[in-house]
Amino acid sequence: TAPVSLYQSNEALSREESRNILGLNQNRPAVLVQLGTGADDANEKMTAALKGLIDWPGLQVVLTKEPVDKNGNSLAPAGLDIKVIRYFPLAKVLAAFDAGVCATGYNGVHELLAAKIPTVLVPNIRGTDDQVRRAKWCQDNGFALFADQSDLNDIESQVRKLQDEQVRNSLAKKCQNLPEVNGAKSAAELLLKMANDQKANNRYSIKNKLVVKILLTLTLVFRFLKSLIKTR
């Protein structure tokens with residue numbers, strides 16, 4: 001099927017509505033950063049990404065989790081206006097953002113790119129899926145920028161590119177060519193068809209069993225009657 005995503009264009013809120021809900025200034029740029037924290041390497045990637053945003057005038061940086069390590073120390077460099085939000089589903093308010101920095105999980109990619117948000121993808125190496133391959137494919141086809149998760153300088157450099165309006169416009173325009181992420185509907189229709197086919201098969205099977213029973217009964221009756229006739 002097509003990708004399955006919480007983002008649906010017909011349900012997404014406008015930029016103004018989204019910013020009102022999230023409490024963002026309507027006239028200043030805003031970037032959504034969704035990178036995990038906790039492990040040392042994840043913390044370093046978060047700091048590198050945030051460094052790439054420092055020089056963006058008037059920027060509002062939106063996170064879904066406080067940028068602190070396990071000891072409570074800030075991972076954010078000085079000079080950034082950071083806002084931590086709690087909103088679900090975030091897919092409905094993605095129009096609020098001028099750009100995004102995101103891990104390359106299935107959900108993040110098929111929400112941000114479907115919403116045509118210029119994005120830098122920073123893969124996680126967890127073994128559950130091939131995030132590097134997914135990120136490289138997106139970059140090779142012009143849908144997003146790819147940052148090498150093992151190179152902090154590259155993460156900072158790729159994120160800094162989002163400050164260029166031409167880069168953002170190019171990525172957003174390219175994402176317009178992506179198909180609708182309506183795989184959930186297709187998958188539901190497929191499962192419904194399978195269920196109906198199974199019901200039909202069950203009904204057919206029950207009908208066949210009933211016919212067989214009737215035939216067996218008639219056969220036994222015929223044999224019984226035939227035996228009576230012979231005895232006479």
Side-chain angles (χ1 to χ4, degrees), residues 24 28-86 90 94 96-113 115-172 174-175:
L24 297 175
R28 294 167 53 197
V31 173
L32 175 66
V33 180
Q34 291 181 295
L35 297 176
T37 59
D40 290 340
D41 64 330
N43 293 342
E44 291 172 348
K45 288 189 286 187
M46 172 65 80
T47 299
L50 293 176
K51 283 182 178 179
L53 299 172
I54 288 178
D55 300 326
W56 195 333
L59 182 65
Q60 305 169 92
V61 179
V62 177
L63 306 176
T64 56
K65 183 179 179 181
E66 290 286 349
V68 295
D69 63 18
K70 61 184 179 181
N71 297 317
N73 300 313
S74 177
L75 302 173
L80 289 175
D81 179 5
I82 291 179
K83 182 179 182 65
V84 178
I85 62 167
R86 299 279 193 275
L90 202 56
L94 290 177
F97 303 106
D98 298 279
V101 182
C102 181
T104 321
Y106 182 94
N107 294 336
V109 169
H110 291 303
E111 290 173 12
L112 284 169
L113 300 193
K116 304 171 183 61
I117 306 299
T119 303
V120 171
L121 298 174
V122 186
N124 284 326
I125 310 299
R126 294 177 178 170
T128 53
D129 63 347
D130 194 342
Q131 294 199 9
V132 172
R133 186 175 182 184
R134 183 182 291 133
K136 286 183 176 180
W137 183 91
C138 290
Q139 175 173 262
D140 291 344
N141 288 277
F143 300 121
L145 299 178
F146 162 68
D148 183 350
Q149 62 88 30
S150 65
D151 187 339
L152 299 179
N153 290 328
D154 188 54
I155 294 174
E156 182 179 344
S157 174
Q158 295 298 326
V159 171
R160 186 173 289 110
K161 291 179 181 179
L162 292 175
Q163 299 187 36
D164 188 329
E165 186 176 5
Q166 290 186 344
V167 171
R168 298 198 305 275
N169 289 341
S170 176
L171 293 172
K174 187 68 177 179
C175 285

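The residues of the chain are indexed from 1 along the displayed sequence. No experiment lies behind these values; they were computed from the predicted model shown.
Residues Val120 and Lys161 form no side-chain contact, since every pair of their non-hydrogen atoms from C-beta on lies 4.5 Å or further apart. When side chains are defined from C-beta on, Ile125 does not count as touching Asp41, because their heavy atoms never get closer than 4.5 Å. Ile85 is listed as a side-chain neighbour of Leu90, based on a closest heavy-atom distance under 4.5 Å. Residues Leu50 and Val61 form a side-chain contact, since some pair of their non-hydrogen atoms from C-beta on lies under 4.5 Å apart. In this structure, the side chains of Thr64 and Gln34 come closer than 4.5 Å at one or more pairs of heavy atoms.
Closest of all the heavy-atom pairs between Pro118 and Leu162 is O-CD2, 4.0 Å. Here the closest non-hydrogen pair linking Ala49 and Ile155 is N-CG2, 3.8 Å. Among all heavy-atom pairs drawn from Leu35 and Met46, the shortest one is O-CE, 3.4 Å. Residues Phe97 and Val31 come closest through the heavy atom pair CD2-C, 4.0 Å. Between Leu75 and Thr47, the shortest heavy-atom distance links the atoms O-OG1, 2.8 Å. Contact detail for Ile82 and Pro67: the closest heavy-atom pair is CD1-CG, 4.3 Å.
Gln163 places a side-chain N or O within donor-acceptor distance of the main-chain N or O of Gly52, the cut-off being under 3.5 Å. Distance alone, capped at 3.5 Å, is enough to place a donor-acceptor pair between the Asp154 side chain and the Asp148 backbone. Under the 3.5 Å distance criterion, the side-chain polar atoms of Arg160 are left unmatched by any main-chain donor or acceptor of Leu53. Judged by distance alone, the side chain of Asp81 and the main-chain N or O of Gln60 form no donor-acceptor pair under 3.5 Å. Judged purely by atom type and a 3.5 angstrom limit, Asn141 uses its side chain to pair as donor or acceptor with the backbone of Trp137. Remark: the backbone N or O of Asn73 is not paired with any side-chain donor or acceptor of Asn71 at under 3.5 angstrom.
There is a side-chain donor-acceptor pair under 3.5 Å between Lys45 and Asn124.
Shown are Thr119, Thr104, Leu113; of these, the side chain to side chain contact (heavy atoms under 4.5 Å, CB included) with Cys138 is made only by Leu113.
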Checking side-chain contact (heavy atoms from CB on, under 4.5 Å) for the pair Leu145/Val167: CA distance, chi angles, key distance, verdict? CA-CA 10 Å; Leu145 299 178; Val167 171; 4.2 Å; yes

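For the atom pair CG of Leu121 and CD of Gln139, the computed distance is 9.0 Å after rounding to the nearest 0.5 Å. To the nearest 0.5 Å, the span separating SG on Cys102 from CG on Leu32 amounts to 7.5 Å. The distance from atom CD of Glu111 to atom OH of Tyr106, rounded to the nearest 0.5 Å, is 10.5 Å.
Shown here is Arg28, whose CZ atom has more than 12 heavy atoms of other residues, nucleotides or ligands within 6.0 Å. In this structure, Lys136 places its NZ atom where only 12 or fewer heavy-atom neighbours from other residues, nucleotides or ligands lie under 6.0 Å away.
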